[in-house]
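Take a look at the structure set out below.
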Protein chains: 2
Amino acid sequence: MGQVLDEDAMDQPVKPTTLARRATSYDVARKAGVSQSAVSRCFAPGGSIAPATRKRIEKVAAELGYRPNALAQGLISGRTNMVAVLISSLTNLYYPEVLEELTRRLTERDTRVLLFSLRAEGEVDEVLDQVWRHSLDGVISAARLSDAQIQLFEDHRVPLVLYNRVPAKARAASVCCDSAAGEVELVERLLAAGHRDFGIIAGPEDSYVGEERRRAALDRLAAAGFNDVPVVRGDFSYSGGREGLRQLMAGGLSLNAVICGNDQMAIGAIDCAREAFKLKIPDDLSIVGFDGTAPASWSSYRVTSIRQPVRRMTEAAVSMLIERIENENTSAERRLFAGEFVRGASARLA
Amino acid sequence: MGQVLDEDAMDQPVKPTTLARRATSYDVARKAGVSQSAVSRCFAPGGSIAPATRKRIEKVAAELGYRPNALAQGLISGRTNMVAVLISSLTNLYYPEVLEELTRRLTERDTRVLLFSLRAEGEVDEVLDQVWRHSLDGVISAARLSDAQIQLFEDHRVPLVLYNRVPAKARAASVCCDSAAGEVELVERLLAAGHRDFGIIAGPEDSYVGEERRRAALDRLAAAGFNDVPVVRGDFSYSGGREGLRQLMAGGLSLNAVICGNDQMAIGAIDCAREAFKLKIPDDLSIVGFDGTAPASWSSYRVTSIRQPVRRMTEAAVSMLIERIENENTSAERRLFAGEFVRGASARLA
DNA sequence: CTGTTAGCGCTTTCAA
DNA sequence: TTGAAAGCGCTAACAG
């Protein structure tokens, strides 16, 4: 405002000091009496520039409210500081927590998050298209990706980190909570407490962790001599849990313990057991879940469960991604985190 | 692959058909024997181009796996098809639903979502910086914005739609659920059922809806002759609700009805009432919430509440934003949606 | 309908 | 340390 500048002032006959459009590095350069590339270097991480020059440029930049245009930067440098986060369904109570942590950590590392919330399988291809088109630096996926899709990331040289899933055959970095170990711990504790009549409300077939948990529970039970454990499936939702319990009970068998694919279904099962079957939890029936979500700890439920170490897992996912973005050739790594047993009060334990 | 092309073939001596880098419109143009701008028009919405030409270009583009570079498009056209969604805290059970709906609807309209999850107030300025730098087309904010910040949107000519909040003074488009009306309905129903001893567990002072709900409830109660209704505050969380009820009860007064700032606090209050004070809900105490979130309908709680019409609200927010993006001068509009009463079973009603 | 010509705003050699 | 110049890949006039 009203500031008089050096020689440049009269080169251009009439130049309004207030630009309609946003100030560019050029505007700053002219007003500061330096070249445009000097301005660029001034804002670049390790740009060599004399302290005095830098100071002058910064002053003018501040006056003009100049900010480097991220699009132009990305176009030329090939780096956008944007990554995609793929989530299958936000309605699963477990994901908001994960999403919150991921975005926060990425933001801390000066990386923007492009959110893609998938409902159908088919949508993945469209999302990947966007990833390439926007030159995203990387992707964290908590959604199902086929081997072919994972291969595309290698072709496009876009770093990828899978969250709570591992690829069938393709190689890719991944961060997981050890579902099998967690499920085994739950089963063993139930066995130790004398439970003998089990039922399982598993997750949907197309869920990686769902299948892993179901398999681990069944295997451990088989090892203990229980071979015909009834299994029904739910969609990880509250009503899925209710419906699952109803189906199990419809068999007419007397259950001791119900193993649910996640906390939300466990909550549904608990409510259903109490309401529809007048059962006391855990006296009449033990119910366990998985994840360690917040609602599972509400005093009406106090679900016995395995808590995923979300903080450490998200931290790992973000670190791995950034590392892969910064270092082209970081080998595929798989990090497996142990879950933490949550005693709760929905299962009778020794 | 192995396809022989027309005259251009021998202009360039040695040109590998498989590019290391991504194919550009130039590559397509050369291989299809057309100008680069023809390729551009081929992929542009209303580009005039002969059917035959188009077909040839599309064929080559498919072979090369060509996709327009979104960065370049954005840089030159000034339109990025990306918007920011600002959320204050994902941990509030109400937001995942909103976020899911918003992203889905925006994606349907070919718009990408840049997610910003704010914890502290101060972070807003950094977020806005990113918005300008990335030339985002618009912003939907479910986070608190100061008048000065809202003004910045006008300065930068970036469309803004506020979600469940209205600016103090500045003018901005907004979509809200009518908190006041909803709260009044709850209070009136409680009054009609004969409740006389009220308590309020309000949201934090810095929450727009929290304050609106508190005020509406207090006003309606005052109009009915109840002037010294005790008010405590929570942070919209489960434990906030528990703690809130504990504080209200600590006063030694006998309460009939507790009005909570949201469902999550109502759930906490219900659990606390049952567990710590051995109260029967709703026989001994009526508790009402707000939002109509999924957990509120779980059979252990069945919270009497007001359900926000999330679908319609998100649809409205997205429509308003897109409209403002497409039409520079769309005036500030405020759309207010009525909430729907959910009878539930946590309040004794007439 | 098509090609030519300018840039969008920036990073990056390369000389000076 | 600095500036000039060459693009990144695309859209948008403008002629033809």
Side-chain angles (χ1 to χ4, degrees), chain A residues 7-8 19-58 61 64-82 132-137 156, chain B residues 6-8 11 19-58 61 64-82 132-137 156:
Chain A
E7 76 287 359
D8 266 315
L19 277 24
R21 52 188 185 73
R22 270 176 56 203
T24 71
S25 58
Y26 238 100
D27 300 321
V28 176
R30 214 177 28 235
K31 195 167 176 196
V34 298
S35 75
Q36 179 272 334
S37 52
V39 178
S40 175
R41 279 195 299 270
C42 178
F43 283 84
S48 73
I49 193 160
T53 315
R54 141 154 309 180
K55 209 174 161 195
R56 194 160 73 252
I57 293 177
E58 280 175 345
L64 261 39
Y66 168 75
R67 301 273 162 232
N69 180 319
L71 258 34
Q73 283 183 141
L75 182 57
I76 195 157
S77 71
R79 179 107 186 239
T80 53
N81 289 322
M82 294 200 301
W132 321 141
R133 288 176 60 148
H134 286 272
S135 314
L136 299 191
D137 291 341
H156 288 256
Chain B
D6 43 30
E7 74 288 357
D8 265 315
D11 288 10
L19 277 23
R21 51 186 187 72
R22 270 176 56 204
T24 70
S25 59
Y26 239 101
D27 301 320
V28 177
R30 212 174 32 230
K31 194 166 176 199
V34 297
S35 75
Q36 179 272 333
S37 55
V39 178
S40 176
R41 279 195 298 268
C42 178
F43 283 84
S48 71
I49 193 159
T53 316
R54 143 154 308 184
K55 210 175 158 194
R56 192 160 74 251
I57 293 176
E58 280 174 344
L64 262 40
Y66 167 76
R67 301 273 161 231
N69 180 319
L71 258 33
Q73 282 183 141
L75 182 57
I76 193 158
S77 71
R79 181 107 185 238
T80 53
N81 288 321
M82 294 201 300
W132 321 141
R133 288 176 61 146
H134 286 273
S135 314
L136 299 191
D137 291 341
H156 287 258

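Below, chain A is the first sequence line, B the second, and so on; all start at residue 1.
The shortest non-hydrogen separation linking His134(B) to Leu71(A) is O-CD1, 3.8 Å. In plain terms, the two heavy atoms of Ser25(B) and Val39(B) that are nearest each other are O-CG2, 3.6 Å.
Going from atom OG1 of Thr24(B) over to atom OH of Tyr66(B) covers 7.0 Å, rounded to the nearest 0.5 Å. The CZ atom of Arg22(A) sits 9.5 Å away from atom CH2 of Trp132(B), with the distance rounded to the nearest 0.5 Å. Atom CZ of residue Arg41(A) and atom CD of residue Gln36(A) lie 9.5 Å apart, to the nearest 0.5 angstrom.
Within the structure, every pair that satisfies the salt bridge (charged side-chain N to carboxylate O under 4.0 Å, His left out) test and touches residues 72-82 of chain B, not counting sequence neighbours, is listed here: Arg79(B)-Asp137(B).
A straight line from CZ of Arg56(A) to C1' of dT1(D) spans 13 Å, rounded to a whole angstrom. Arg30(A) has its CZ atom 20 Å from the P atom of dT2(D), to the nearest Å. The nearest whole Å value for the distance from the CD1 atom in Ile49(B) to the P atom in dA12(D) is 15 Å.
Contact annotation: Thr53(B) side-chain N/O to dT2(C) OP1/OP2 distance is under 4.0 Å.
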Letter by letter from the 5' end, nucleotides 9-16 of chain C scores (B base, S sugar-phosphate only, - none; protein heavy atoms under 4.0 Å) BBBB----

